[in-house]
Chemist: 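Structure provided below as structure tokens; questions to follow.
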Amino acid sequence: MEVSPSIQSVVTKSDFESVFREHYASLCRYAFSLLTDSDEAEEVVQEALFRVWEGRHRISITTSWQAYLFRAVRNQALNHLRKRKVHQDYLADGFQQPGESLADASEAVSLAELQMKIRDAVAKLPPERQRIFIMSRYEGLKYREIADELGISPKTVENQLGRALQSLRTELADYLPLVLILFADFFES
């Protein structure tokens with residue numbers, strides 16, 4: 001199996017800046033169509049492009065730059081919409097009960113700890129299994145898309161993802177109730 005090169009080995013900073021300038025306006029329009037707020041759209045595009053640049057050592061692009069960037073912006077916008085909904089739901093409650101801020105702080109610490117444990121558990125996966133997991137769960141690719149990109153069968157993708165999820169369930173056993181509550185769709189097979 002041939003792995004495509006990382007962004008770093010293909011693109012210099014000035015090349016990336018050129019791609020940024022070329023696609024920025026269309027990415028902002030796309031983000032605006034999802035968010036209906038121009039400031040939020042620009043923020044989402046900038047964050048997505050920053051994440052692509054920061055992750056350039058780990059990712060490889062086998063499709064076009066444009067397709068990859070649009071997918072990155074879409075994923076970032078969806079994350080933003082989820083956060084917006086949580087914030088709106090919180091404000092809709094109207095008031096805080098005494099001591100609620102302490103519970104919120106405790107929950108935030110637990111969530112941060114859980115996120116760190118999930119990152120550590122994913123990092124312990126074998127490289128190809130880790131890549132398949134990241135492509136499926138973080139990049140939102142379907143089994144067929146992952147299979148096509150990696151040159152393997154969709155059944156292999158399914159098997160590797162199943163093994164990854166089993167490893168994560170085992171690794172995160174102490175956190176399983178919290179994981180199930182907070183990330184119900186994260187571990188769906």
Side-chain angles (χ1 to χ4, degrees), residues 1-86 115 118-119 122-123 125-165 168 183-189:
M1 176 179 64
E2 185 177 316
V3 177
S4 59
S6 71
I7 292 173
Q8 180 60 28
S9 64
V10 175
V11 178
T12 65
K13 187 175 180 179
S14 64
D15 290 339
F16 189 79
E17 288 171 355
S18 174
V19 168
F20 176 93
R21 282 189 299 278
E22 179 182 344
H23 296 289
Y24 185 76
S26 59
L27 292 170
C28 284
R29 284 190 299 276
Y30 178 61
F32 179 78
S33 74
L34 299 170
L35 301 170
T36 66
D37 181 294
S38 60
D39 291 335
E40 287 179 350
E42 284 190 45
E43 183 180 321
V44 161
V45 170
Q46 290 169 5
E47 179 66 24
L49 291 170
F50 176 75
R51 285 176 182 252
V52 168
W53 179 251
E54 284 294 304
R56 67 190 179 278
H57 299 291
R58 295 184 318 272
I59 62 176
S60 61
I61 298 176
T62 57
T63 61
S64 70
W65 266 105
Q66 183 176 7
Y68 189 88
L69 293 175
F70 272 86
R71 181 176 291 275
V73 167
R74 187 194 100 222
N75 291 342
Q76 192 68 33
L78 293 175
N79 288 339
H80 185 81
L81 288 170
R82 281 187 211 106
K83 288 177 189 174
R84 182 197 292 173
K85 178 160 178 23
V86 167
Q115 289 171 333
I118 291 172
R119 273 194 306 272
V122 169
L125 294 173
E128 184 165 327
R129 194 170 296 161
Q130 180 181 10
R131 179 152 168 74
I132 289 170
F133 179 83
I134 289 170
M135 292 171 79
S136 171
R137 299 306 191 204
Y138 294 138
E139 296 176 15
L141 298 177
K142 295 181 178 6
Y143 289 2
R144 168 60 60 196
E145 293 171 319
I146 296 169
D148 290 345
E149 188 165 323
L150 298 179
I152 57 178
S153 75
K155 190 67 175 170
T156 300
V157 171
E158 182 180 350
N159 289 337
Q160 288 295 320
L161 192 56
R163 289 179 180 163
L165 293 172
L168 293 177
F183 300 101
D185 66 330
F186 189 80
F187 285 103
E188 288 178 358
S189 296

Chemist: If the condition is side-chain hydrogen bond (donor to acceptor under 3.5 Å, both in side chains), which residues does Gln130 pass it with, not counting sequence neighbours?
Modeler: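 side-chain hydrogen bond (donor to acceptor under 3.5 Å, both in side chains) list for Gln130, sorted by chain: empty.
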Chemist: Scan residues 20-43 for pairs that pass salt bridge (charged side-chain N to carboxylate O under 4.0 Å, His left out), counting only residues two or more places apart or in two chains.
Modeler: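 Sorted pair list: Glu40-Arg84.
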Chemist: Looking at residues at least two apart in the chain, or sitting in another chain, which of them share a salt bridge (charged side-chain N to carboxylate O under 4.0 Å, His left out) with Arg51?
Modeler: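 Listed in chain order: Glu47.
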Chemist: Going by the rule side chain to side chain contact (heavy atoms under 4.5 Å, CB included), which residues pair with Pro154 if we only count those two or more places apart in sequence or in a different chain?
Modeler: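 For Pro154, the residues satisfying side chain to side chain contact (heavy atoms under 4.5 Å, CB included) (neighbours in sequence not counted) are Arg144, Ala147.
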Chemist: Which residues satisfy the side-chain hydrogen bond (donor to acceptor under 3.5 Å, both in side chains) test with Thr156, sequence neighbours excluded?
Modeler: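 Thr156 satisfies side-chain hydrogen bond (donor to acceptor under 3.5 Å, both in side chains) with Ser153 only.
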Chemist: Under the side-chain hydrogen bond (donor to acceptor under 3.5 Å, both in side chains) rule, collect the residues that match up with Ser26, sequence neighbours excluded.
Modeler: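 Expected list: none.
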Chemist: Sequence neighbours left out, what passes side chain to side chain contact (heavy atoms under 4.5 Å, CB included) with Arg71? Give chain and number order.
Modeler: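 For Arg71 the side chain to side chain contact (heavy atoms under 4.5 Å, CB included) partners, ignoring immediate neighbours, are Arg74, Asn75, Leu141, Glu145.
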Chemist: For residues Ala31 and Val73, report the shortest heavy-atom separation together with the two atoms involved.
Modeler: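 For Ala31 versus Val73, the nearest heavy atoms are CB-CG1, 3.9 Å.
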Chemist: Which atoms form the tightest heavy-atom contact between Leu81 and Leu34, and what is the distance?
Modeler: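 Nearest pair, atom of Leu81 first, then Leu34: CD1-O, 3.9 Å.
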Chemist: Where do Val52 and Ala72 come nearest, in terms of heavy atoms and distance?
Modeler: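 That closest heavy-atom pairing would be CG2-CB, 4.1 Å.
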Chemist: Taking the side chain as every heavy atom from C-beta outward, state whether Leu27 and Leu49 have any atom pair closer than 4.5 Å.
Modeler: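 In short, these two side chains touch, coming nearer than 4.5 Å.
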Chemist: Only pairs at least two apart or in different chains count here, so list each ring-ring contact (aromatic ring centres under 6.0 Å, His included) that has a residue in residues 24-47.
Modeler: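 Residue pairs with at least one partner in residues 24-47: Phe20-Tyr24, Tyr30-Phe70.
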Chemist: According to side chain to side chain contact (heavy atoms under 4.5 Å, CB included), who are the partners of Glu158, at least two apart in sequence or on a separate chain?
Modeler: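 Residues passing side chain to side chain contact (heavy atoms under 4.5 Å, CB included) with Glu158: Tyr143, Lys155.
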Chemist: Testing the basics here: between Val157 and Ile146, what is the closest heavy-atom pair and its distance to 0.1 Å?
Modeler: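 Answer, listing the atom of Val157 first, then Ile146: CG2-CG2, 3.8 Å.
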Chemist: Tell me the closest heavy-atom pair linking Leu35 and Ala77, and the distance in Å.
Modeler: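 Between these two residues, the closest heavy atoms are CD2-O, 3.8 Å.
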Chemist: With the side chain counted from C-beta on, respond yes when Ile152 and Gln160 share a heavy-atom pair under 4.5 Å apart, and no when they do not.
Modeler: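 Ile152 vs Gln160: side chains apart.
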Chemist: Could you name each residue pair satisfying salt bridge (charged side-chain N to carboxylate O under 4.0 Å, His left out) that touches residues 60-69, not counting sequence neighbours?
Modeler: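 For residues 60-69, and leaving out neighbouring residues, there are no salt bridge (charged side-chain N to carboxylate O under 4.0 Å, His left out) pairs at all.
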